[in-house]
Asks: 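Below you'll find the structure I mean.
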Amino acid sequence: MRKKIIAGNWKMHKTVAEAIALASGIVDSYKPKRVEVVIAPPFTALYKVAEVIRDTHVRLAAQNMFHEPEGAYTGEVSPIMLKDIGVEYVIIGHSERRKYFGETDTTVNLKVKSALKHNLIPIVCVGETLDEREHGITMDVVRRQILGAFTDITADAFEHIVIAYEPVWAIGTGKVATPEQAVEVHRFIREVLRNELNVEAENVPILYGGSIKPNNIESLIKEPDIDGGLVGGASLRVDQFVEIVKISDRIVGGN
Ligand code: PGA
């Protein structure tokens with residue numbers, strides 16, 4: 001069975017003290033049996049959060065990285081630095097990075113290659129804007145992003161890759177995609193992986209992201225094509241995030 005993952009993307013939130021409190025709360029509240037729990041604090045809190053979650057069920061992600069291992073790149077953080085402090089996953093190509101920080105399919109591809117080279121699991125984000133959906137080009141956009149992100153990536157490498165479908169119009173808006181809308185794109189992504197990249201697409205986890213809350217996770221995670229969630233706003237509170245993890249664990253377990 002594909003891995004099921006609930007990942008919390010804290011974005012630009014939480015001081016170190018707040019991050020420690022949130023991470024501790026997540027560790028202490030509930031240990032799921034089937035779902036992997038991943039949290040992505042801001043860079044400044046990663047080191048301390050790594051200490052809090054060491055030897056627990058919670059795994060650590062970064063929200064971004066630069067593709068070079070080291071060098072004169074003021075302000076950037078390298079995959080080696082992330083590995084050094086216990087980071088296992090890295091979110092690549094989030095729509096906010098594409099929108100505000102000039103991330104393109106090309107930079108996403110460089111980062112995916114670098115993450116894999118340094119044994120970090122990239123969580124690669126794709127998704128259309130509202131305008132693109134309304135113009136009926138959702139699948140064209142997602143296909144372009146997938147083919148761009150995975151240019152020159154071997155089929156074997158997909159054992160260590162997670163994809164997140166995040167429709168931009170659903171991120172931070174409270175407008176969650178319907179399970180049907182998400183499933184349609186998840187299936188399409190698997191087709192592109194299978195038919196155009198010769199990947200064993202059945203084994204690649206595809207998460208949904210965009211306004212996941214405790215009251216809508218059940219209908220999404222019930223879908224066999226949806227392997228979990230990338231949670232923004234609701235990952236900033238212990239009660240909400242843990243509730244999402246609990247519900248997912250129950251549904252994945254078939255109850
Ligand atoms: P949201 O963010 O849950 O606040 O919509 C999701 C994301 O951007 O990963």
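Order of listing sets the numbers, starting from 1, for every ligand and every atom in it.
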Asks: In terms of atom number and element, which parts of ligand 1 are under 4.0 angstrom from non-hydrogen atoms of Gly172?
Replies: 1 (P), 4 (O), 5 (O)
Asks: Give the atoms of ligand 1, by number and element, whose distance to some non-hydrogen atom of Glu166 is under 4.0 Å.
Replies: 6 (C), 7 (C), 8 (O), 9 (O)
Asks: Mark the output for Lys11 as yes if a heavy-atom distance to ligand 1 is under 4.0 Å, and as no if none is.
Replies: yes
Asks: Could you list which atoms of ligand 1 come closer than 4.0 Å to a heavy atom of Ala170?
Replies: 5 (O)
Asks: Could you establish whether Ala164 and ligand 1 come within less than 4.0 Å of each other, counting only heavy atoms on the residue side?
Replies: no
Asks: Which donor-acceptor pairs under 3.5 Å do side chains of residues 35-47 form with protein atoms, sequence neighbours excluded?
Replies:
from	atom 1	to	atom 2	distance (Å)
Glu36	OE2	Lys3	NZ	3.3
Glu36	OE2	Tyr89	OH	2.3

Asks: Of His186, Arg187, Arg2, which is the lone residue that meets side chain to side chain donor-acceptor pair (under 3.5 Å) with Asp225?
Replies: Arg187
Asks: What do we get for Asn9 next to ligand 1 when only non-hydrogen atoms under 4.0 Å count, side chain, backbone, both or neither?
Replies: side chain
Asks: Verify, without hydrogens or angle tests, whether Glu103 (side chain) and Arg97 (backbone) share a donor-acceptor contact under 3.5 angstrom.
Replies: no
Asks: Give the numbers and elements of all ligand 1 atoms closer than 4.0 Å to a heavy atom of Gly210.
Replies: 5 (O)
Asks: Just going by heavy-atom distances, which of Gly233, Gly8, Cys125, Gly209 is nearest to atom 4 (O) of ligand 1?
Replies: Gly233
Asks: For ligand 1, which atoms, with element, lie under 4.0 Å from some heavy atom of His94?
Replies: 7 (C), 8 (O), 9 (O)
Asks: Where the side chain of Lys14 meets the backbone of Leu236, is there a donor-acceptor pair that is under 3.5 Å apart?
Replies: yes
Asks: Count I, L, V, M, F, W, Y as connected when their side-chain heavy atoms are under 4.5 Å apart, and connections chain through other members. Are Val185 and Val141 then in the same cluster?
Replies: no
Asks: Considering non-hydrogen atoms of the protein only, which is the closest contact for atom 3 (O) of ligand 1, and what is the distance?
Replies: Gly232 N, 2.8 Å
Asks: Grab the two heavy atoms, one from Pro205 and one from Asp227, that are nearest each other, plus how far apart they are.
Replies: CA-OD2, 3.4 Å
Asks: Take Phe188 and Thr138 through the side chain to side chain contact (heavy atoms under 4.5 Å, CB included) test and state the conclusion after the steps.
Replies: CA-CA 10 Å; Phe188 175 75; Thr138 295; over 6 Å; no
Asks: Going by the order shown, which atoms of ligand 1 are within less than 4.0 Å of some heavy atom of Ser211?
Replies: 1 (P), 3 (O), 5 (O)
Asks: Would you say Leu220 and Ile6 are hydrophobically clustered, going by side-chain heavy atoms of ILVMFWY under 4.5 Å?
Replies: yes
Asks: Within less than 4.0 angstrom of ligand 1, does Ala234 place any heavy atom?
Replies: no
